[in-house]
Amino acid sequence: QMHLEETGGGSVQAGGSLGLSCAVSGYTDISACMAWFRQAPGTEREYVAGIPTSSGNPTYADSVKGRFTISRDNARNMVYLQMNSLKPEDTAMYYCAAGGLFACVPPQREEDFSYWGQGTQVTVSS
């Protein structure tokens, strides 16, 4: 079993920045894909960014490219999401997720991720 726990959410004004962290514990698969998803009220959960834990480049949703950066620290079993130039439409519950390596290959699908955190709320005011 793998346990994921997100921290770092909060409220910020448009144009501001927030950093999210995901602590991974339990069984950690070095060949995994670690990702961030988000879900706003009344919408489906959507892929934000993903990164393979072994090697490979990160991928991003078009809506966050150039503003968000996903990174990992395998030694600390941590995954991060740095969010800059935040917009009100970024308001959502953000979830950390873990899947097999191919979960990082587009199209990234929610059903390919087996482990999920509880989520952390990000609110961006205009």
- prompt: Centres of the Y95 and F37 rings: under 6.0 Å?
  reply: no
task: Kindly say whether V124 contributes a backbone atom to a donor-acceptor pair with the side chain of T91 at under 3.5 angstrom?
output: yes
- request: Verify the cluster assignment for Y115 and V79: are they in a single hydrophobic cluster under the rule of side-chain heavy atoms below 4.5 Å apart?
  value: yes
Electrostatic pair R109-D112, nearest N-O below 4.0 angstrom: yes
query: Are the side chain of Y60 and the backbone N or O of S63 linked by a donor-acceptor pair below 3.5 Å?
result: no
message: Show the nearest heavy-atom pair for residues C104 and G50, with the distance to one decimal.
response: SG-C, 4.2 Å
message: Would a single hydrophobic cluster contain both F68 and Y80, if residues Ile, Leu, Val, Met, Phe, Trp and Tyr are joined by side-chain heavy-atom contacts under 4.5 Å?
response: no
field: Minimum heavy-atom distance between S85 and R67, given as atom pair plus value
entry: O-NH1, 2.9 Å
- request: Spell out, as yes or no, whether a donor-acceptor pair under 3.5 Å connects the side chain of R45 to the backbone of Q39.
  value: no
- prompt: Taking atom CD1 of I70 and atom CG of L20, what is their separation to the nearest 0.5 Å?
  reply: 10.0 Å
- request: Heavy atoms only: give me the nearest P52-N57 pair and the separation to one decimal.
  value: CD-O, 3.7 Å
task: Drop me the distance from E89's CD to R38's CZ, to the nearest 0.5 angstrom.
output: 8.0 Å
message: Hydrophobic clusters here meaning ILVMFWY residues chained together by side-chain heavy-atom distances under 4.5 Å, can you tell me if L81 and I51 are in one?
response: yes
- line: For C33 and G100 the tightest heavy-atom approach is CB-O, 3.3 Å
field: Derivation of the side-chain contact (heavy atoms from CB on, under 4.5 Å) call for E110 and Y47
entry: CA-CA 7 Å; E110 184 178 344; Y47 176 83; over 6 Å; no
message: For the CD atom on E111, are there more than 12 heavy atoms of other groups (residues, nucleotides or ligands in this structure) within a distance under 6.0 Å?
response: yes
message: If you compare all heavy atoms of Y94 against all heavy atoms of V48, which two are closest, and at what distance to 0.1 Å?
response: CE2-CG2, 4.4 Å
task: Determine, stepwise, if the pair V12 / T123 fulfils side-chain contact (heavy atoms from CB on, under 4.5 Å).
output: CA-CA 6 Å; V12 66; T123 302; over 6 Å; no
query: Does the side-chain contact (heavy atoms from CB on, under 4.5 Å) test come out yes or no for V24 and H3, once each step is laid out?
result: CA-CA 6 Å; V24 184; H3 179 71; over 6 Å; no
field: Pairwise distance CG(D73) to SG(C22) - rounded to 0.5 angstrom
entry: 12.5 Å
task: Taking R76 for its side chain and R72 for its backbone only, find out whether a donor-acceptor pair lies under 3.5 Å.
output: no
message: Do Q108 and T59 pair up side chain to side chain, a donor and an acceptor below 3.5 Å, judged on atom types alone?
response: yes
query: What's the spacing between Q82 CD and T69 OG1 if we round to 0.5 Å?
result: 7.0 Å
- line: The reported gap from CE in M78 to OG in S21 (rounded to nearest 0.5 angstrom) is 4.5 Å
- prompt: Taking the side chain from E6 and the backbone from C96, do they hold a donor-acceptor pair closer than 3.5 Å?
  reply: yes
Side chain T120, main chain G9, donor-acceptor under 3.5 Å: yes
query: At what distance, to the nearest 0.5 angstrom, does CG of L101 lie from CE of M34?
result: 12.5 Å
field: Trace of the side-chain contact (heavy atoms from CB on, under 4.5 Å) decision for Q118 with L4
entry: CA-CA 8 Å; Q118 293 298 308; L4 309 178; over 6 Å; no
message: So which atom in M2 and which in A98 form the shortest heavy-atom distance, rounded to 0.1 Å?
response: SD-CB, 3.4 Å
